Amino acid sequence: MFVVETSTSTCSALRAAYSTFLEMMLILSLYFSVLAWHSCCKLNFRQQFIELLFNKLLNGKDGMKTLQQKNDEHSKLIAKERHSALYLFLSLFPIFAIFGYDFYQGVVDAETLGFHPAFVVFGTLLFALPILAIGQMLILPSWLKMTLYVCIQILFISLWFLDGLLWLAIIPLIIILGILQYQLPEIRKSAEQNENAT
């Protein structure tokens, strides 16, 4: 009788771990499909760039200046894409940490957090995406934005493990909204300058 109960609990733990693993794979597949779609959109830019290259190179020096400008713009776009991918990974990191913890706890037959996976995904995205969007608008050095975002995500992950304190995760969002309100006139000026430059 004891052997049967142990086998049943082991099977249920393995089923829970397997379902968590499948949910993680679903999230990863969604993430990589978004990245693939994003890279397909870049193909149109590359095609336009090649057409510009063939058209302007025939014009001599003017073509070389235009080519250099396009190369500089392309380098800036690549740097922005790298930063965006890193921020996206950091946004999804709490999901991986919580599912990984639950998977580990399920394997060693310990108590898991017990949150429904949809709640974890929804809560993480509801927290991370507004902070990510607002953080991109703030006028701060990029290294400071990255450091603050990592610290906020670590705080958010740690609050999942403390009972009843998940509501404290809203405090960084309130602080970031306050900084945004303070910097809003400067952000508008820089946006107007960018519009006038183009």
Side-chain angles (χ1 to χ4, degrees), residues 24-97 99 121-157 169 172-198:
M24 287 175 51
M25 290 296 110
L26 175 67
I27 291 170
L28 280 175
S29 65
L30 288 173
Y31 170 70
F32 286 118
S33 63
V34 167
L35 284 180
W37 176 79
H38 184 65
S39 63
C40 288
C41 291
K42 290 189 304 183
L43 292 177
N44 188 23
F45 174 75
R46 289 182 183 147
Q47 184 178 6
Q48 290 175 355
F49 180 72
I50 290 170
E51 289 174 6
L52 179 75
L53 177 69
F54 284 121
N55 291 336
K56 293 293 182 176
L57 274 181
L58 299 175
N59 294 337
K61 292 182 183 179
D62 183 43
M64 293 304 282
K65 288 180 185 177
T66 307
L67 180 62
Q68 183 62 38
Q69 290 173 350
K70 290 295 180 181
N71 281 340
D72 292 342
E73 290 175 12
H74 186 66
S75 298
K76 289 178 184 177
L77 285 175
I78 289 175
K80 284 183 180 180
E81 286 177 9
R82 286 183 187 147
H83 283 287
S84 297
L86 184 59
Y87 280 119
L88 183 63
F89 172 75
L90 287 174
S91 298
L92 297 177
F93 187 70
I95 296 171
F96 298 128
F99 285 165
V121 171
F122 181 72
T124 300
L125 293 179
L126 188 66
F127 173 77
L129 295 181
I131 289 181
L132 184 62
I134 293 170
Q136 292 295 323
M137 290 189 287
L138 295 179
I139 302 172
L140 294 172
S142 60
W143 64 269
L144 183 59
K145 286 182 189 180
M146 181 70 69
T147 306
L148 290 175
Y149 196 64
V150 167
C151 292
I152 288 171
Q153 289 293 66
I154 290 171
L155 173 72
F156 182 67
I157 292 170
L173 185 60
I174 293 170
I175 292 171
I176 288 176
L177 282 172
I179 294 171
L180 178 68
Q181 287 298 318
Y182 179 75
Q183 289 187 347
L184 199 56
E186 294 176 25
I187 293 170
R188 286 183 181 157
K189 285 180 188 176
S190 65
E192 289 174 2
Q193 289 174 353
N194 289 341
E195 287 178 7
N196 292 337
T198 58

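All values reported here derive from a predicted model rather than from experimental measurement.
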From CA spacing to verdict: side chain to side chain contact (heavy atoms under 4.5 Å, CB included), Ile176, Ile152: CA-CA 11 Å; Ile176 288 176; Ile152 288 171; 3.6 Å; yes
Audit row: Arg82, Leu86, side chain to side chain contact (heavy atoms under 4.5 Å, CB included) steps and yes/no: CA-CA 6 Å; Arg82 286 183 187 147; Leu86 184 59; over 6 Å; no
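For Pro141, the side-chain contact (heavy atoms from CB on, under 4.5 Å) partners two or more places apart in sequence, or in a different chain, are Trp143, Leu144.
The shortest non-hydrogen separation linking Ala169 to Pro172 is O-CD, 3.1 Å. The nearest pair of heavy atoms linking Met146 to Leu90 is SD-CD1, 3.5 Å. Listed here is the closest heavy atom pair of Ile139 and Glu186: CD1-CB, 3.6 Å. Nearest heavy-atom pair across Gln183 and Leu140 is NE2-CD2, 4.1 Å. Closest non-hydrogen pair, Thr124 versus Ser91, comes out as CG2-O, 3.4 Å.
Atoms CD and CZ, from Gln153 and Phe89 in turn, are 10.5 Å apart once rounded to the nearest 0.5 Å. Note that NZ of Lys145 is 5.5 Å distant from CD of Gln136, once rounded to the nearest 0.5 Å. In this structure, NZ in Lys189 is found 11.5 Å from CG in Leu184, a value given to the nearest 0.5 Å. Taken from NZ in Lys80 to OG in Ser75, the straight-line distance is 12.5 Å, to the nearest 0.5 Å.
When each of Leu173, Leu148, Leu177 is checked for a side-chain contact (heavy atoms from CB on, under 4.5 Å) with Ile131, only Leu173 meets the rule. Screening Phe156, Phe122, Tyr149 for a ring pair (Phe, Tyr, Trp, His ring centres under 6.0 Å) involving Phe127 leaves a single residue, Phe156.
Within a 6.0 Å radius of CZ in Phe93, no more than 12 heavy atoms belonging to other residues, nucleotides or ligands are found.
Between Lys70 and Glu73, at least one side-chain nitrogen of the basic residue sits less than 4.0 Å from a carboxylate oxygen of the acidic one, meeting the salt-bridge criterion.
The side-chain heavy atoms of Ile134 and Ile179, taken from C-beta on, include no pair separated by under 4.5 Å.
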